[in-house]
Number of protein chains: 2
Amino acid sequence: MPIDLRPGQALRLLHEVNLCLVRDGDFDLSARQMTILLTVYLEPPPHTVRGLATRLNVTKPAITRALDTLGNMKLLTRKRDEADRRNVIIGRTVEGALYLDQLGNLITVKARGLPR
Amino acid sequence: MPIDLRPGQALRLLHEVNLCLVRDGDFDLSARQMTILLTVYLEPPPHTVRGLATRLNVTKPAITRALDTLGNMKLLTRKRDEADRRNVIIGRTVEGALYLDQLGNLITVKARGLPR
DNA sequence: ATAAATAGTAACGGAGCCGAAACGAAGAAT
DNA sequence: ATTCTTCGTTTCGGCTCCGTTACTATTTAT
């Protein structure tokens with residue numbers, strides 16, 4: 001049985017979640033940064049700069065800069081690939097996992113409170 | 001019967017929607033701009049700069065600038081309140097309604113395709 | 001060994017957004 | 001009529017992000 005979420009409900013859900021993030025936002029991630037974060041945490045590793053660039057259809061420098069930001073926020077880590085030292089492997093952190101955990105819970109709670 | 005969307009599913013849904021928006025994004029709205037747009041279209045009018053500022057917990061200039069951007073994108077309009085000419089009333093547009101319509105449909109489709 | 005390809009980053013100029021403060025216009029209070 | 005308040009905008013310096021281009025380091029091909 002698939003999730004049945006009508007368009008009006010979807011927008012309302014998005015609205016409530018966005019309101020929480022904007023109002024009490026500790027972090028203020030752009031759509032691009034959020035997408036990178038979700039990709040790293042939800043899709044199977046390994047993740048590289050090049051891989052993310054093609055997956056998101058943006059340039060490599062854009063990924064590098066986003067990784068700088070997300071790295072400063074401790075949401076992600078970078079380390080050299082020892083097998084092929086040209087590559088950089090993007091890894092997960094406790095803080096990043098916690099952040100997404102809270103975000104997922106927020107959405108769940110808001111979805112539960114949605115009018116029929 | 002409330003919508004039952006587990007945290008993991010919520011993050012996956014957010015991921016897929018974000019991917020679409022980032023990859024083929026005509027517009028690239030910030031979280032704040034998106035929240036303003038949703039507030040104007042989902043909450044009952046009238047909407048003013050001051051009202052949005054307090055609702056989103058941001059400064060008035062931030063709202064003014066976001067309205068500039070959203071206005072240039074034709075997603076929103078501004079007009080003077082003739083009753084109290086200090087106020088500016090923020091209104092909806094066909095383009096804005098269409099944009100949110102498509103967004104709602106996108107979320108619905110992605111939700112339907114979510115694994116159980 | 002040398003050349004070519006690949007991965008990631010730095011440098012550059014430009015554009016957009018930020019909060020704080022100042023501003024002008026409109027209304028309310030006295 | 002003159003102050004006082006409210007509303008939205010503008011201005012200011014600062015910060016972040018953007019895409020393009022150029023660069024270094026590493027690996028592969030010849």
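In what follows, chains are A, B, ... by sequence order, proteins preceding strands, each numbered from 1.
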Look up atom CG in B:Asp28 and atom CZ in A:Arg32, then write down how far apart they are to the nearest 0.5 Å. 6.5 Å

A:Arg80 versus A:Arg85, closest heavy-atom pair with distance: NH1-O, 2.9 Å

Starting from the 5' end of DNA chain C, give me the residue, B:Ala83 or A:Lys60, whose nearest nucleotide shows up first. A:Lys60

How long is the line joining CG of B:Leu56 and C1' of C:dC18, in whole Å? 15 Å

Atom CZ of A:Arg86 and atom P of C:dG8: how far apart are they, to the nearest Å? 9 Å

B:Arg65 (side chain) and C:dG19 (base): donor-acceptor pair under 3.5 Å: yes

Just to confirm, is there a sub-4.0 Å distance from OP1 or OP2 of C:dC17 to any side-chain nitrogen or oxygen of B:Gln33? yes

If I take atom CD in residue B:Glu82 and atom P in nucleotide C:dA26, what distance separates them, rounded to the nearest angstrom? 11 Å

Take atom CG of A:Asp84 and atom P of C:dA5, then tell me their distance rounded to the nearest Å. 17 Å

Interatomic distance, B:Leu56 atom CG to B:Ile36 atom CD1 [nearest 0.5 angstrom]: 5.5 Å

For B:Leu70 and C:dG16, what is the distance between atoms CG and P respectively, to the nearest whole Å? 14 Å

Give B:Arg78 one of three labels, base, sugar-phosphate or nothing, depending on what nucleic acid heavy atoms sit under 4.0 Å from its own. sugar-phosphate

May I ask you to evaluate whether B:Thr69 reaches the phosphate of C:dC17, defined as a side-chain N or O under 4.0 Å from OP1 or OP2? yes

How many whole angstroms separate atom CG of A:Asp28 from atom C1' of C:dC17? 10 Å

Just checking B:Thr59: base, sugar-phosphate only, or nothing, at a heavy-atom cut-off of under 4.0 Å? sugar-phosphate

Nearest heavy atom decides the nucleotide; on that basis, is B:Pro61 or A:Pro61 closer to the 5' end of DNA chain D? B:Pro61

Interatomic distance where CZ belongs to B:Arg32 and C1' belongs to D:dT16 [whole Å]: 13 Å

Please give, in whole Å, the distance from C:dG27 P to B:Asn87 CG? 9 Å

Take B:Val88 and A:Ser30, find for each the nucleotide of DNA chain D with the closest heavy atom, and name the residue whose nucleotide sits nearer the 5' end. B:Val88

Decide whether B:Val88 and B:Tyr41 are clustered together by the hydrophobic rule: side chain heavy atoms of Ile, Leu, Val, Met, Phe, Trp, Tyr closer than 4.5 Å, transitively. no

Among the nucleotides D:dT26, C:dG8, D:dC18, which one has an atom lying closest to any side-chain atom of A:Arg85? D:dT26

Hey, does A:Leu11 have a side-chain heavy atom less than 4.5 Å from the side chain of A:Glu16? no

